[in-house]
Amino acid sequence: PVQYLPGKEPHAREKRLIFKNIDRVGYNPSIECYLENGGYEQLKKAFTMERSAITNEVKASGLRGRGGAGFPTGVKWGFIPPTNTKPVYLICNADESEPGTFKDRYIMHQDPHQLIEGMTIACFAVGAKLSYIYVREEFPYAAKILEKAIAEAHEKGFLGKNILGSGFDCEIYVHRGAGAYICGEETGLIESLEGKRPYPRIKPPYFPAALGLYMSPTIVNNVESLCHVKHIIEMGGAEYAKLGTPNNTGTRILCVSGDVQKPGYYEVEVGKVTMGEVINDLCGGLKPGRKLKAIIPGGSSSKVLRADEKYKLRDGREIGIMDIPMDFDTMAQCGTMAGSGGVIIMDDSRSMTWVINNLNAFYAHESCGQCTPCREGSLWMKKISDRIVGGDASPDDVDTLETVANQIEGKTICAFGEAASWPTQSFIKKFRDELKSDCKPDLTGKIVNEETLVA
Ligand code: NAI
Ligand code: SF4
């Protein structure tokens, strides 16, 4: 039987595909260990299939990108122009930088061959002979572990020329970023890989699938998404699609942080657990004596949900925050997004002023500076929220902050503009009174003068 490290055992509500080997007793990142556990069998199976059949299985699986946007992976692969004279590239986006998100790092550290197998299958399907894993600078160990794993896969004939006698050649290279959040935006990543400053490109009209790396067709997929490919080949797309809920299939890894008893990662069937079950079952509930205040459900760029809100769904139901299923579509109906799976829980000890200031400091630091509304606006949002959190705000500073955020959204080259403005807009909309009150945080974001808090 599979055993896990003490305290790391999967919860009964979990369904582990991707994280099956994470924190497992006796499991290590070597190729020997991977092979002992059935590794590279799906690559062998993929080589017996037509390339188009692999893409069709991924389409049938309903897999939606786990990087954050939830775009259907098989559909994306299908965008590769059927006739083109240029090489096709596959890029694994391992620049996991979204605050609150920490799943891809575990995969790269503990089960790198799962990613390499998924990538090689994907390369075969889309006809990419050259592939890159773009690893963020802050993951030096991941880069080293992946380089070692790639060398091992080469040695055993799972990469390189004529892989397993299939006639297919494929190389994977690790490319390290230099510490910029914007390199996780796929066109910024591509510019960086080309050796340039990572200024995102305007899209539409040209998405990377048509014009990407070196202006060639390029598929950019997240680490977790590429790992799912191996399991789709193993199970078959239709069988995989039975996991989860319609249009929100499979499993996904939730990264839960903040004010809960057991923060951490949890792999669940998409849409089969609610927010309340995440907090109370998976994470063991809130801290003693505390009440839920707010949740950022899908990484820092998603809009905040307030604990006492009601959400009207398309089918007419009205649900509370604890009843929201953790899936892409319901989150969108609740006015936010499931994003990258980073769930940040905040209880009533937490200062919303501090949170918004913290987020604004992050976005001001990470704007690439290419477009004015984002470059200037993100800095002003930080400056104004510095004043609010420091108790130096003028009476209309919260309104000014909102105006600045509104001037960024929809007026920029890349989605960073929305990512930067949505938190501010949603926190002001839902916690305006608290932001305007003289309720103060300490350095860790806890409210110090609770009696002044405006409900
Ligand atoms: P997007 O919706 O613009 O695109 C999603 C994917 O679909 C891209 O690969 C894009 O090329 C492709 N696509 C969309 N429409 C297409 C078309 N018509 N033709 C061809 N391809 C098409 O979203 P984007 O900007 O890639 O991602 C935004 C999300 O990323 C945010 O929602 C956020 O949650 C997430 N994010 C995740 C981070 C992480 O660390 N995992 C960091 C920052 C943001
Ligand atoms: Fe750069 Fe911000 Fe413009 Fe994106 S929106 S291109 S991050 S300045």
Side-chain angles (χ1 to χ4, degrees), residues 63-81 90-105 107 134-136 138-139 177 180-192 197-213 217-226 252-253 255 296-303 328 331-332 336-343 362-379 381 407-423:
L63 176 68
R64 293 173 67 170
R66 301 296 195 246
F71 193 85
T73 306
V75 175
K76 195 192 277 186
W77 291 8
F79 287 143
I80 294 285
L90 179 109
I91 299 173
C92 169
N93 188 343
D95 194 74
E96 182 171 58
S97 324
E98 182 78 344
T101 316
F102 47 82
K103 60 194 174 63
D104 298 339
R105 173 163 49 99
I107 298 169
Y134 192 100
V135 184
R136 68 181 297 203
E138 293 84 347
F139 289 171
Y181 174 72
I182 202 59
C183 288
E185 198 284 334
E186 60 180 2
T187 57
L189 186 160
I190 287 170
E191 290 282 308
S192 166
R197 196 170 182 154
Y199 278 165
R201 299 173 182 171
I202 293 176
K203 58 170 193 180
Y206 300 118
F207 287 91
L211 289 174
L213 187 62
T218 304
I219 295 298
V220 186
N221 285 143
N222 163 263
V223 172
E224 184 191 339
S225 308
L226 286 162
R252 78 170 309 183
I253 300 140
C255 318
I296 297 174
S300 63
S301 313
S302 58
K303 293 182 182 172
F328 293 103
M331 282 294 176
T336 185
M337 62 184 183
S340 52
V343 184
F362 173 79
Y363 288 110
H365 185 261
E366 296 298 339
S367 168
C368 83
Q370 187 179 192
C371 31
T372 311
C374 172
R375 181 187 63 241
E376 302 298 324
S378 59
L379 210 61
M381 288 202 299
Q407 291 303 327
I408 302 174
E409 185 190 13
K411 299 177 179 71
T412 60
I413 289 172
C414 85
F416 183 103
E418 280 72 42
S421 50
W422 284 348

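For ligands, and for the atoms within them, numbers begin at 1 and follow the listed sequence.
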### Query
Taking any residue with a non-hydrogen atom under 4.0 angstrom from an atom of ligand 2, which ones do you get?
Ile182, Pro200, Ser367, Cys368, Gly369, Gln370, Cys371, Cys374, Thr412, Ile413, Cys414, Phe416, Gly417
### Message
Would the distance check show the side chain of Glu185 and the main-chain N or O of Pro200 forming a donor-acceptor pair, the cut-off being under 3.5 Å?
### Response
no
### Summary
Near Phe79 (heavy-atom distance under 4.0 Å), the atoms of ligand 1 are 17 (C), 19 (N), 20 (C), 21 (N)
### Side chains of Gln407 and Pro373 in contact at under 4.5 Å (non-hydrogen atoms)
no
### Query
Should Glu366 and Ile182 count as side-chain neighbours, where that means a heavy-atom distance under 4.5 Å?
no
### Task
Starting from atom 7 (O) of ligand 1, locate the nearest protein heavy atom and write down its residue, its atom name and how far away it is, to 0.1 Å.
Phe71 CG, 3.2 Å
### Query
Quick check: does Ser301 get an N/O under 3.5 Å from an N/O on ligand 1?
no
## Note on the structure
NZ of Lys303 to CE of Met331, rounded to nearest 0.5 Å, is 14.0 Å
#### Entry: Option with minimal heavy-atom separation from atom 10 (C) of ligand 1, where the choices are Arg136, Glu96, Glu186
Glu186
### Message
I'd like the name of whichever of Glu224, Met337, Arg66 reaches closest to atom 32 (O) of ligand 1 through any heavy atom.
### Response
Met337
### Query
Would you say Pro208 touches ligand 1, if touching means a heavy atom closer than 4.0 Å?
yes
### Query
Relative to the ring of Phe79, is the ring of Phe71 parallel (under 30°), tilted (30 to 60°) or perpendicular (over 60°)?
tilted
### Query
Judged by non-hydrogen atoms, does Ser97 sit under 4.0 Å from ligand 1?
yes
### Summary
atom 5 (C) of ligand 1 sits nearest the protein heavy atom Ala69 CB, 3.5 Å
### Message
Using only atom types and a distance under 3.5 Å, with no angle test, would you say the side chain of Ser225 pairs donor to acceptor with the backbone of Arg66?
### Response
yes
### Query
Is the cationic atom of Arg105 (NZ for Lys, CZ for Arg) positioned less than 6.0 Å from the six-membered ring centroid of Phe102 and within 45 degrees of its normal?
no
### Query
How far is atom 22 (C) of ligand 1 from its nearest protein heavy atom, and which residue and atom name does that atom have?
Phe207 CD2, 3.4 Å
#### Entry: Sub-4.5 Å side-chain heavy-atom contact between Arg136 and Tyr181
no
### Task
Please write down residue, atom name and distance for the protein heavy atom closest to atom 37 (C) of ligand 1.
Gly67 O, 3.0 Å
### Query
What protein heavy atom sits nearest atom 25 (O) of ligand 1, and how far off is it?
Lys203 NZ, 3.9 Å
#### Entry: Verdict with reasoning, Ser421 to Tyr363, per side chain to side chain donor-acceptor pair (under 3.5 Å)
CA-CA 9 Å; Ser421 50; Tyr363 288 110; over 6 Å; no
### Query
Out of Glu185, Glu98, Lys76, whose heavy atom is nearest to atom 39 (C) of ligand 1?
Glu98
### Query
Less than 4.5 Å apart, any side-chain heavy atom of Pro208 and any of Ile190?
yes
### Task
Drop me the distance from Glu224's CD to Ile107's CD1, to the nearest 0.5 angstrom.
5.5 Å
### Query
Hey, are the side chains of Arg252 and Phe328 touching, using non-hydrogen atoms and a 4.5 Å cut-off?
yes
#### Entry: Which atom of Leu226 lies closest to which atom of Cys92, heavy atoms considered
CD1-CB, 3.6 Å
#### Entry: Geometric N/O contact Tyr181 with ligand 1, under 3.5 angstrom
no
### Message
Using a 4.0 Å cut-off to any heavy atom of Gly339, which atoms of ligand 1 qualify?
### Response
34 (O)
